Asks: 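One structure follows; several queries about it will come next.
As the structure is a prediction and not an experimental result, all values here were calculated from the model.
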Amino acid sequence: MPILRTVAAARGSAAPARIRLGAMSVDPAIQFPGESREYRLARNQLLEAEIELRRTIERVAAQRRALPPGGAVPDDYVFEKAAGEGGEVTFSQLFAPGRDTLVIYSFMFPRWSGDTRPGPAEGKTARLPLAETPCPSCTSILDALDGAAPHLASQLDFVVVAKSDPERIRNFARDRGWRYLRLLSSRHNNYNRDYHAEGPDGEQSPVLNVFTREGDGFRHRWATELMFAPRDEGEDPRHVDLIWPMWHVLDMTPGGRGSSPDFPAMDYR
């Protein structure tokens, strides 16, 4: 879609670039202090790409919502509560009365065996062998989702599960200052294995799954399968980026995401 522009002839003129994207006109008053004609033209070209990206995001979201129901959930999995006084809760009980949507994020605790990033610097979790500590990347996701959890709770049921001892999960949550996440242990059921958050070798994977209540039963609706899809050489899977705000901020900067293998970290002191 070509952009039609009229730009002030004089480089130093205060008159901004005028652009038209199809039937839409962009406010010509959008200009920032000291910007050059070269910058404005390049920014307008980028704006065209951003508008197309927005359309794509909306189109894909609509396609996701339009998926037919997936397979029936094969078991009323029993989870252990990792907060409060403990106890157990079944999969079906994760749906609050009147709610028909459940989102489950699988937290890698323990981390991937090849992850050599430092573990927690303090607290009870810091005493564990590195291989038994949580994934720093999952931790950064949950740091953000803890704040979002009350907002999500007004619309749907959201839980985080990890194949770890409930006390370990509880201790780590306390050390991180998490207040709102609903944390469960899946150590004694097959949920992780059934929904591709655990491989045949026992390695854990950061997968998000969406389920719905269908009458008296429950159906799988969507998962972050992009993790398992082919990708170009050197490309990250980015399957959970939609719930990972840190990367979106970095994508807006000249330096981008960087290439440090130790980022994100568990601690920055």
Asks: Mind telling me whether Tyr268 and Phe263 have parallel, tilted or perpendicular rings, with 30° and 60° as the class edges?
Replies: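 Ring orientation, 0 to 90° scale: tilted.
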Asks: Given Asp143, which of Asp146, Thr139, Leu145 fulfils the side-chain contact (heavy atoms from CB on, under 4.5 Å) condition?
Replies: Thr139
Asks: Between Arg257 and Trp247, is there a side-chain heavy-atom distance shorter than 4.5 Å?
Replies: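 A side-chain contact under 4.5 Å exists here.
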Asks: Does the distance from a Lys or Arg side-chain N to an Asp or Glu carboxylate O, for Glu35 and Arg43, drop under 4.0 Å?
Replies: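 No salt bridge links Glu35 with Arg43.
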Asks: Any non-hydrogen side-chain atom of Arg170 less than 4.5 Å from a side-chain atom of Glu167?
Replies: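 Heavy-atom side-chain distance check passes, below 4.5 Å.
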Asks: Is there a ring-ring contact (aromatic ring centres under 6.0 Å, His included) between Phe95 and Phe218 once you walk through the steps?
Replies: CA-CA 10 Å; Phe95 287 81; Phe218 305 92; 4.8 Å; yes
Asks: Do Trp244 and Cys138 make a side-chain contact, defined as non-hydrogen atoms from C-beta onward lying under 4.5 Å apart?
Replies: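 Sidechains of Cys138 and Trp244: no contact.
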Asks: Has the side chain of Glu235 got a donor or acceptor atom that lies under 3.5 Å from a matching backbone atom of Asp232?
Replies: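 The answer is yes, because a donor-acceptor pair under 3.5 Å joins these two groups.
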Asks: Strictly under 6.0 Å, is that where the ring centroids of Phe91 and Phe211 end up?
Replies: yes
Asks: Side chains of Pro166 and Lys81: closer than 4.5 Å at any heavy-atom pair?
Replies: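 Side chain of Pro166 against side chain of Lys81, heavy atoms only: no contact under 4.5 Å found.
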Asks: Can you tell me if Glu58 uses its side chain to pair, donor with acceptor, with the backbone of Arg55 under 3.5 Å?
Replies: no
Asks: Inspect the contact between Glu122 and Arg269 and indicate whether a charged nitrogen and a carboxylate oxygen are less than 4.0 angstrom apart.
Replies: yes
Asks: Do the non-hydrogen side-chain atoms of Ser185 and Phe79 ever get within less than 4.5 Å of each other?
Replies: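 With C-beta onward as the side chain, the pair stays apart.
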Asks: Output the distance between atom CZ (Arg221) and atom CG (Asn209), rounded to the nearest 0.5 Å.
Replies: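 One gets 13.0 Å once the value is rounded to the nearest 0.5 Å.
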Asks: Judged by modelled atom types alone, do Thr212 and Asp100 share a side-chain donor-acceptor pair under 3.5 Å?
Replies: no
Asks: Can you check whether Asp262's main-chain N or O pairs, donor with acceptor, with Ser260's side chain at less than 3.5 Å?
Replies: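 Checked: pair present.
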Asks: Between the side chains of Asp75 and Tyr191, does any donor sit under 3.5 Å from an acceptor?
Replies: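 No pair is found: no donor N or O on one side chain lies under 3.5 Å from an acceptor on the other.
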Asks: Among side-chain atoms of His248 and Asp241, is any donor-acceptor pair under 3.5 angstrom?
Replies: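 Not at all, the side chains of His248 and Asp241 share no donor-acceptor pair under 3.5 Å.
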Asks: Output the distance between atom OH (Tyr39) and atom CG (Leu46), rounded to the nearest 0.5 Å.
Replies: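 Reported value, rounded in 0.5 Å steps: 8.5 Å.
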Asks: Is Asp157 reaching over with its side chain to a backbone N or O of Ala96, donor-acceptor style, under 3.5 angstrom?
Replies: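 Side chain of Asp157 to backbone of Ala96: a pair is present.
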Asks: Is the shortest heavy-atom distance from the side chain of Tyr180 to the side chain of Trp178 under 4.5 Å?
Replies: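 Of all side-chain heavy-atom pairs linking Trp178 with Tyr180, none is under 4.5 Å.
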Asks: Salt-bridge test for Asp165 and Arg187: reply yes if a basic N is under 4.0 Å from a carboxylate O, no otherwise.
Replies: yes
Asks: How close do Ala197 and Ser106 get, counting heavy atoms only, and between which atoms?
Replies: CB-OG, 3.3 Å
Asks: Would you say the side chains of Arg117 and Ser137 form a donor-acceptor pair under 3.5 Å?
Replies: yes
Asks: May I ask you to test the Val159-Tyr105 pair for a side-chain heavy-atom distance under 4.5 Å?
Replies: no
Asks: In terms of relative ring orientation, are Tyr195 and Tyr77 parallel, tilted or perpendicular, with 30° and 60° separating the classes?
Replies: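 Aromatic pair Tyr195/Tyr77 classed perpendicular.
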Asks: Are Leu183 and Val103 connected into the same hydrophobic cluster when the rule is that any two of I, L, V, M, F, W, Y join if their side-chain heavy atoms are below 4.5 Å apart?
Replies: yes
Asks: Is it true that Arg111 and Thr133 share a donor-acceptor pair across their side chains at a distance under 3.5 Å?
Replies: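 Thr133 vs Arg111: donor-acceptor pair found between side chains.
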Asks: Going through the checks in order, is the side-chain hydrogen bond (donor to acceptor under 3.5 Å, both in side chains) test met by Thr125 and Asn171?
Replies: CA-CA 7 Å; Thr125 313; Asn171 289 338; over 6 Å; no
Asks: Is Phe158 linked to Leu94 within one hydrophobic cluster, defined over Ile, Leu, Val, Met, Phe, Trp and Tyr using a side-chain heavy-atom separation of less than 4.5 Å?
Replies: no
Asks: Compare all side-chain heavy atoms of Pro134 with those of Phe107 and state whether any distance is below 4.5 angstrom.
Replies: yes
Asks: Between Asn190 and Arg193, is there a side-chain donor-acceptor contact under 3.5 Å, judged purely by atom types and distance?
Replies: no
Asks: Under a 3.5 Å cutoff, is there a donor and acceptor pairing between the side chains of Asp76 and Ser92?
Replies: yes
Asks: Just by distance, do the side chain of His196 and the backbone of Glu198 share a donor-acceptor pair under 3.5 Å?
Replies: no
Asks: I'd like to know if the side chain of Gln155 and the backbone of Leu152 have a donor-acceptor N/O pair within less than 3.5 Å.
Replies: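 Checked: no pair found.
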Asks: Rounded to the nearest 0.5 Å, how far apart are CZ of Arg238 and CZ of Arg231?
Replies: 11.0 Å
Asks: Answer yes if the side chains of Ser113 and Glu203 hold a donor-acceptor pair under 3.5 Å, and no otherwise.
Replies: yes
Asks: Is it the case that the side chain of Thr253 and the backbone of Gly256 share a donor-acceptor pair, with hydrogens and angles ignored and the cut-off at 3.5 Å?
Replies: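 Checked: pair present.
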